[in-house]
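These figures come from a predicted structure and were not determined experimentally.
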Amino acid sequence: MIFTRIRSYPCDGKFTTAEHLYLGKNQTRAITRFRREYPEYENCVIVAESYDSETPENKEHFEACLRCGCVH
């Protein structure tokens, strides 16, 4: 399945634990939804990218995301 992967970075460039997968290709919609659901990240840089859960390199990561609840 195709998702949009959202990652959040504070302005100092360090990676935060905010990483979520939103079903679909629409990155604008995914960013808007992320910003609405997680207002505490309003001052962070948000990066969106295409993410295919069925590619071999994403298999373990996607399974971990399902377990932790970061798939929307």
Side-chain angles (χ1 to χ4, degrees):
M1 296 178 79
I2 300 296
F3 290 85
T4 297
R5 182 182 197 176
I6 300 291
R7 294 184 193 193
S8 176
Y9 299 87
C11 291
D12 62 10
K14 294 181 181 175
F15 183 68
T16 67
T17 58
E19 180 177 326
H20 295 273
L21 299 175
Y22 292 92
L23 187 60
K25 294 180 181 181
N26 190 321
Q27 293 183 0
T28 301
R29 187 178 300 147
I31 290 171
T32 300
R33 186 171 169 193
F34 177 85
R35 292 241 186 242
R36 184 176 62 245
E37 292 174 354
Y38 302 98
E40 61 270 26
Y41 293 100
E42 70 180 55
N43 294 323
C44 296
V45 174
I46 304 300
V47 177
E49 62 185 339
S50 182
Y51 181 95
D52 185 349
S53 64
E54 297 176 7
T55 60
E57 59 268 14
N58 289 339
K59 184 178 181 349
E60 285 185 50
H61 178 263
F62 184 70
E63 289 172 1
C65 288
L66 287 173
R67 285 191 302 275
C68 79
C70 66
V71 178
H72 300 274

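Every side chain to side chain contact (heavy atoms under 4.5 Å, CB included) that Ile31 has, sequence neighbours left out, goes to Ile6, Arg35, Ile46, Ala48. For Ser50, the side chain to side chain contact (heavy atoms under 4.5 Å, CB included) partners are Ile2, not counting sequence neighbours.
Nearest heavy-atom pair, Tyr22 versus Ala30, reported as atom, atom and distance to 0.1 Å: CB-CB, 3.9 Å.
Within the 4.5 Å cutoff, side-chain heavy atoms of Phe34 are placed close to those of Ser8. Residues His20 and Arg33 have side chains not in contact (no heavy-atom distance under 4.5 Å, counting atoms from C-beta outward).
Counting only residues at least two apart or on different chains, the side-chain hydrogen bond (donor to acceptor under 3.5 Å, both in side chains) pairs with a member in residues 54-64 are Arg5-His61, Glu19-His61, Tyr51-His61, Thr55-Asn58, Lys59-Glu63.
When the side chains of ILVMFWY residues are joined at heavy-atom separations under 4.5 Å, either directly or via intervening members, Leu23 and Leu66 end up in a single hydrophobic cluster.
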